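Each chain gets a letter, A, B and so on, in the order the sequences are listed, and its residues count up from 1. Given the structure is predicted, the values throughout are model-derived calculations rather than measurements. Values below: every heavy atom of this structure, side chains too, minus hydrogens, waters and symmetry copies.
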Amino acid sequence: MSSPARTRVRFAPSPTGYLHVGGARTALFNWLFAKHIGGDFLLRIEDTDQTRYDAKALVDLIADLKWLGLQWDEGPEVGGPHEPYFQSQRLPLYQKHARELVAGGHAYPCFCTSERMDELREVQKRNNLPTSYDRLCRSIPPETAAQRVAAGEKHTIRLKVPFNGDTVFKDFLRGTITYQNRILDDLVLLKTDLFPTYHLANVIDDHYMQITHVLRGDEWIPSTPRHVLLYQAFGWEPPTFVHLPVILGPDGGKLSKRKGAASVGDYRELGYLPETLINFLSLLGWNPGGDEEYMERDRLIEVFTLEKINPKSAVFDEKKLEWLNGQYFLRRDVDFFMPLVKPLWIKAGADATAFSEDYFRTAVALLKDRSKRLPDFVAYGMYFFQEPQAYDEKTAKKYFGPGSESLLETLHAGIASLPAFDTAHLETLYKETAEKLGKKGGDLIHPSRLAISGIPFGPGLYELMVALGKDAVLRRMHAASAAIKSGQVKTVLTAA
RNA sequence: GGUGUGUUCGUCUAGUGGUUAGGACGCUGCCCUCUCACGGCGGAAGCAGGGGUUCAACUCCCCUACGCACUACCA
């Protein structure tokens, strides 16, 4: 036996679009496994489909992985001992191996055109037969085939799959999986354009890059027997296969852009933190066995094991994601939020020069524990930077009724004559005024809150007033009372 | 059609022959409270169906149903 190999895993995306959360989860599990066990995590770009090549997709993909913090040990940008990590730059290697397979009698040139293949498939489908290549070119004598190839005739290279017997492999999560060779057809290894198919490139690269564990989506299970056959043809040892369950949308179908957010970029824009996504995705199809749910990156690495992966596909529950994000908001401090939130406020119209850094920090401090996503700071916090433009309709109906203008004026006068503008004095003022008027505290507090913020919820009123400053509070109280008096209260529906 | 794979509350899950089937999100009642959020205490809600094996099945086996995937010179 050889000495135990260093554990090496890879994430091998095809840069054909945005990074889907399913792909992100696959990358994450690879990464967690490598980090947990002290192995290597590689990034390999499977760009062997020239017709679907998209340069922007690659840039986005790399940016998304970095945003999530899934740094690779080998791959694009960082290099490594097995460069290049782009399959499109490894063509000679695949072609050489394809030729060797032909020479060794494991593969053969196929001259069938795409048109013939389409026709064949159509006929088979129509007759309710399994669709598979009829192996027409397999019976061409090797010398004849070689001559035709030498003459420059267009062809693919196909693997000779045995007619009988079974191909058996072990999936780490599901155990032994058996396929009858007779239902496997002779797959294409090398395309007409001399690019390899996924099957060929993937097997060759995993071998030379010394990949020990293949963690990939379970849509690859049906292809695995073909890969195993390839490993056998080359005389190589296959890696351990771990097929991960898929992530589904709320309707039990695929998670798709059509039905809402589906990519890492979508969730970033919705205001979720990368650590939230990491934590949430890790819990989709895996869990450490206990009640722990809030887990930071290091904790996940510490407890992550392949054995605890669940083979069942899981539905992406955005409500729970939102809750988790809120848990992170509770635990992160003001410094953490400043660079994330301040630009959002400025973009929404906050005048950065009119407010001090401390003022921004106070607003963050007051808002972060009651926010679930980054945009909440804007949706429910712009009143820190501008006077309310309108008042929440439902609440205005309740608290800006007849007589409320004089109540606001009374409060206004009280605040104006306060010896000190702090929470203690404000609280005393409100208590005494309520008592004097024979009202409950809430009867004064709610209209005040609405007057100064325009919305019916938010930080404690006294804290909020102190944060906004005496002048702003007085101005807003007065503006609200004036609006009520004139019957010109502008209202708006607030989405809570 | 064929092949494969999966099936514990609505959702994420714990469970590995004997449990009042546990937790979380969401929903909901109460408490805390100036609102919201947080937090605390409760509640409703689940082993797909049928056969076996066994003294005993959510747990093991078989069948059925349903979901999903694959069935390309895409990955």
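Nucleotides B:rU7 and B:rG46 have their C1' atoms positioned 12 Å apart, rounded to a whole Å. Rounded to whole Å, the separation between the P atoms of B:rA72 and B:rU28 comes to 49 Å. One C1' atom belongs to B:rU64, the other to B:rG17, and the distance between them is 24 Å to the nearest Å. The same atom, C1', is picked in B:rU59 and in B:rA21; the two are 11 Å apart, to the nearest Å. B:rC74 and B:rG15 have their P atoms separated by 42 Å, given to the nearest Å. Comparing B:rC36 with B:rG23, their P atoms sit 27 Å apart, to the nearest whole Å. Remark: the separation of the C1' atoms in B:rU11 and B:rA45 is 12 Å, to the nearest Å. A distance of about 43 Å separates the P atoms of B:rG4 and B:rA44, rounded to the whole Å.
Screening residues 445-463 of chain A for side-chain hydrogen bond (donor to acceptor under 3.5 Å, both in side chains) gives A:Y430-A:S448 as the qualifying pairs, with residues at least two apart or on separate chains. Screening residues 89-99 of chain A for salt bridge (charged side-chain N to carboxylate O under 4.0 Å, His left out), with sequence neighbours left out, gives A:R90-A:D205, A:K96-A:E100.
Among the heavy atoms of the strands, none lies under 4.0 Å from A:P13. Counting non-hydrogen atoms under 4.0 angstrom, A:G442 reaches nothing in the nucleic acid.
The neighbour count for A:E435 CD, taken as heavy atoms of other residues, nucleotides or ligands under 6.0 Å away, does not exceed 12.
In this structure, the salt bridge (charged side-chain N to carboxylate O under 4.0 Å, His left out) partners of A:E292, at least two apart in sequence or on a different chain, are A:R299. For A:K320, the side-chain hydrogen bond (donor to acceptor under 3.5 Å, both in side chains) partners two or more places apart in sequence, or in a different chain, are A:E293. In this structure A:R44 satisfies the side-chain hydrogen bond (donor to acceptor under 3.5 Å, both in side chains) test together with A:E46, A:D206, sequence neighbours excluded.
Both A:N128 and A:T178 lie near RNA chain B, and the one whose nearest nucleotide falls closer to the 5' end is A:N128. Residue whose closest nucleotide on RNA chain B sits further toward the 5' end, between A:G253 and A:T131: A:G253.
Taking 4.0 Å as the cutoff to heavy atoms of chain A, we find the contact window on RNA chain B bounded by B:rG1 to B:rA75.
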